[in-house]
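Okay, so here's the structure we're looking at.
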Amino acid sequence: MKLTVVGCGYLGATHAACMAELGHDVLGMDSDMDKVATLNSGKAPFFERDLDDLLAKHTATGRLKFTASYAEAAHFADLHFIGVGTPQTPGEDTYDLSHLYSAVRQLAPRLTGPAVVAVKSTVPVGTAPRVRDLLHEFAPAGDRVEVAWNPEFLRESFAIEDTLRPDRLVLGFEAEHTWAEIMLRECFAKIIESGTPTIVTDWATAELAKGAANSFLATKISFINAMAEICEKSDADVHQLAEILGHDARIGRRGLRPGLGFGGGCLPKDLRGFITRAATLGAAAATGILHEADAVNTRRRDAVVDLAREQLAREQLDGDLAGKRISVWGAAFKPNTDDIRDSPALAVAQKLHELGATVTVTDPKALDNARKLHPELDFIDDPIAAVQDADLLLHLTEWAEFGHIDPHRLAHRPTQTLVIDGRGTLNPDTWRQAGWTYRALGRP
Ligand code: UDX
């Protein structure tokens, strides 16, 4: 099939490359010319595992191209995916849908024949009819343009895997047996035929699916982090508790890792957007648990700062963070990405800086992005050098690289050998044997 993908960020660029991998002829469209040039050279403008290889492979075969022209995109195909960002509106707990509506408004006047517009972006429930109305109003093809809702559940750092072998496929349509359904079933034929559960539903259910899934995932993480708060008061170990709970098949181990909590471009914003939309629909009572999930998550960031203060007070009889040198391992919101959106690690680093500490951050991939957003912090490439002369080391993003560092190599350098493990993935015994005072959230 020929198809386009409008919006080439983490979601759209991955989708475009994966659709080419499925055998389709794909034109990615993004209004950022620099991004288009980078993608056309077979490289991703961000770090996502294996994506460069897939882009290089399919830009070389000619099956994958990128453009900044809506006119070119409209003429290229009659199936158009939209994967533009729907970030959180600054200062509000709502989705900013301006990129989505702008993409629809620019594509619509160029749709002269029958077309299917399949939206992948995450939105509040009730957006699909508005997209349909805009398309019918502004497209010369009028109501021969059909809308499909196809939420995307990919995780960054597993984006290709999750796109080509998803846990499930959700296809939302306005009515049964539409042309849009035929088109999407054809587009995803290889994925469907490989046995992927495929749920065909209405627009509203498809729209809710993503917000509900992310709200559940966020709640699961916050549940175990709430248990960490109880562990901290009772000298219990939340990591062992998570293991015990996780063996119950009804609970499951995945997504139950305690620590500094969730960040990123999806979970925090989807949780808040979902709560706000439910309230406007008159279902606020149903979201109490989600408010609490958000609150627990924020408290984890404060807990690291409190633990830092407490530990410094214990070691130096001085809990004042002002003037302390603190080394932070991790800037990305999770390992194996350069994405720093709502990064818990950087939120903690910034807070410590505000409290007067000198904070030096290191990360294998995310330093360029972090530098742009946080000029007030210091940055260094080498995690070992980062610890030199530090009063305290904070481990805040669990990159495998950090886990492999032998603490004996660091022990002679810092004036105080204090480490706080915000993710609980360093080996406490190894660090203690190397002479470090090891503390972790949710651990005695
Ligand atoms: C998430 C959803 O998983 C995905 O389905 C959706 O499409 C987009 O949002 P992503 O943001 O890439 O994906 O990352 P995910 O791996 O879910 O992690 C989100 C955050 O939660 C990270 O900050 C991570 O460190 C944290 N997390 C995750 C935990 O603290 N504990 C866990 O057990 C899992």
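Note that ligands are numbered from 1 as they come in the structure, with each ligand's atoms numbered from 1 the same way. In this chain, numbering begins with 1 at the start of the sequence shown.
Both tests pass for Lys2 against the ring of Phe76: distance under 6.0 Å to the centre and angle within 45° of the axis. Cation-pi geometry between Arg341 and Phe333 is not satisfied (NZ or CZ under 6.0 Å from the ring centre, within 45° of the ring normal).
Below 30°, between 30° and 60°, or above 60°: for Tyr10 and Phe46 the angle between ring planes is between 30° and 60°, a tilted geometry.
Using a heavy-atom distance under 4.0 Å as the criterion, the protein contacts of ligand 1 are Glu152, Phe153, Leu154, Arg155, Glu156, Lys210, Asn214, Leu217, Ile221, Gly255, Leu256, Arg257, Gly261, Phe262, Gly263, Cys266, Leu267, Phe333, Lys334, Arg423.
Within 6.0 Å of CZ in Phe216 there are 12 or fewer heavy atoms belonging to other residues, nucleotides or ligands. Taking a 6.0 Å sphere around NZ of Lys220, one finds it holds more than 12 heavy atoms contributed by other residues, nucleotides or ligands.
Across all their heavy atoms, Asp25 and Arg63 have their closest contact at OD1-CG, 3.2 Å.
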